[in-house]
Amino acid sequence: MRTLRRAVAATLVALVALVGTGGWVRLSDSGLGCTTWPRCFADDFVARGTYHSLVEFINRCVIIAVGGLVVATFALAVWHRPRRTDLVWCAAGLAVGYVAEAVLGGLSVLRGLAPVVVAVHMAVALVLVAITVILYHRAAARAPYPVTPGGPQVRLGRLMLAVLGIAIIVGTVVTGSGPHAGQPGTPRLPLPRPAVTELHAVIGIFLLGLIVSGYFFLRAGHVPDGARRGYRWIVTLMLAQTGVGYLQYFTGLPADLVELHMLGAAVLVALLVHTYLALTTA
């Protein structure tokens with residue numbers, strides 16, 4: 001079980017790296033640096049010479065590394081004795097999600113980085129981050145753990161996860177309608193970017209308010225120490241994420257800040273799911 005947890009932890013790190021490298025592919029206009037898929041070029045699997053092809057090739061290497069870790073995680077979950085069906089199902093979900101992510105990556109290249117495909121590609125990656133955290137928590141338990149009926153802290157955690165999911169979806173729409181949606185010639189989403197950006201900001205501020213108020217709410221209640229420690233990180237990260245969001249908006253969306261905002265979203269998903277699970281563990 002210790003080996004399984006290590007494999008899952010490595011998978012989580014690799015998935016966050018995948019979000020980072022995938023974001024840099026788009027932000028550097030390198031999505032078509034490799035002209036085909038699964039080969040980089042029609043006559044070669046590896047990148048040749050240009051910066052854009054190298055960025056795209058590095059992202060594909062990270063995808064392969066994630067695939068190896070997912071296979072290892074699934075094998076460890078299946079081979080564990082006594083058999084834990086909850087671990088097998090979580091690992092299977094991770095494997096299915098990885099296959100979907102690989103297919104979406106190929107489609108994004110073949111469809112010329114269509115914003116809708118790229119947005120779904122990002123969303124699936126963050127779902128995989130959440131599944132990985134769930135699997136790690138379940139592997140840390142000696143048996144499938146029961147869930148509390150649903151106290152106020154648990155309901156607050158569910159609300160935060162729901163709002164975070166909405167913020168991420170709207171965030172992908174903002175990107176799909178803006179300058180970093182893909183190649184310069186790629187059609188953007190036909191939506192008013194200022195309006196969807198303001199909607200994303202409003203949802204983000206609402207989530208920040210929930211998180212900050214929830215911090216004092218959890219301090220006043222009897223919650224596991226792990227949830228309280230994780231929540232401090234969530235408050236800090238959400239404040240930083242909000243600051244980066246406003247900074248990138250008022251500075252014209254520089255690629256470095258957009259990349260940092262994307263990485264922050266991936267880490268925030270992991271931390272919020274971790275804290276929610278800590279609240280629901282008996």
Side-chain angles (χ1 to χ4, degrees), residues 5 8-20 23 90 122-141 145 147-148 150-172 174 199-249 257-282:
R5 290 201 302 270
V8 175
T11 303
L12 177 60
V13 173
L15 283 169
V16 174
L18 179 62
V19 172
C90 283
M122 171 70 173
V124 171
L126 296 180
V127 170
L128 289 177
V129 169
I131 293 174
T132 306
V133 176
I134 293 170
L135 180 55
Y136 186 86
H137 269 259
R138 289 188 171 270
Y145 54 76
V147 175
T148 56
Q153 294 94 343
V154 175
R155 290 194 292 271
L156 176 64
R158 290 173 183 166
L159 177 60
M160 289 178 185
L161 286 171
V163 175
L164 176 60
I166 295 171
I168 288 170
I169 292 171
V170 177
T172 62
V174 172
L199 177 61
H200 179 61
V202 168
I203 297 170
I205 290 297
F206 179 60
L207 178 59
L208 176 62
L210 281 176
I211 289 174
V212 172
S213 61
Y215 175 73
F216 298 101
F217 178 65
L218 293 183
R219 280 176 61 90
H222 298 287
V223 298
D225 290 337
R228 191 175 287 108
R229 286 194 301 269
Y231 209 84
R232 294 192 189 102
W233 284 104
I234 290 174
V235 173
T236 302
L237 178 60
M238 190 61 198
L239 288 170
Q241 187 78 337
T242 303
V244 170
Y246 275 99
L247 184 60
Q248 68 178 3
Y249 178 77
L257 289 179
V258 177
E259 170 77 5
L260 189 61
H261 200 54
M262 291 178 61
L263 284 171
V267 177
L268 187 60
V269 167
L271 284 175
L272 203 51
V273 172
H274 160 77
T275 303
Y276 174 73
L277 292 173
L279 287 172
T280 57
T281 307

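Values below: all heavy atoms of this structure, side chains included; hydrogens, waters and symmetry mates excluded. These numbers were taken from a predicted model, which means no experiment stands behind them.
Taken to the nearest 0.5 Å, the CG atom of Leu210 stands 5.0 Å off from the CG atom of Leu159. Expressed to the nearest 0.5 Å, how far CD1 of Ile131 lies from CG of Leu15 amounts to 9.5 Å. Expressed to the nearest 0.5 Å, how far CZ of Arg5 lies from NE2 of His137 amounts to 11.5 Å. To the nearest 0.5 Å, atom CD1 of residue Ile234 and atom NE2 of residue His274 are 7.5 Å apart. To the nearest 0.5 Å, atom NE2 of residue His200 and atom CD1 of residue Ile169 are 12.0 Å apart. Here the straight-line distance linking atom CG of Leu156 with atom CG of Leu161 works out to 9.5 Å at 0.5 Å rounding.
Taking the side chain as every heavy atom from C-beta outward, Leu135 and Thr11 never approach each other to under 4.5 Å. When side chains are defined from C-beta on, Val154 counts as touching Tyr276, because their heavy atoms get closer than 4.5 Å. A heavy-atom distance below 4.5 Å is not found between the side chains of Val273 and Tyr136. For the pair Phe206/Ile203, no side-chain contact is recorded, criterion being any heavy-atom separation below 4.5 Å from C-beta on. With a 4.5 Å cut-off on side-chain heavy atoms, Met122 and Leu126 count as touching. In this structure the side chain of Thr242 reaches within 4.5 angstrom of the side chain of Met238, judged on heavy atoms.
With Thr275 contributing its side chain and Leu272 its backbone, the two residues share no donor-acceptor pair below 3.5 Å.
Between Tyr231 and Tyr215, the ring-plane angle classifies as parallel under the 30° and 60° cut-offs.
Nearest heavy atoms, Ala270 versus Leu12: CB-CD1, 4.4 Å. Nearest heavy-atom pair across Ala125 and Val19 is CB-CG2, 4.0 Å. Minimum heavy-atom separation, Leu237 to Gly264: CD2-O, 3.8 Å. The minimum heavy-atom distance linking Arg138 with Cys90 is given by the pair CD-SG, 4.0 Å.
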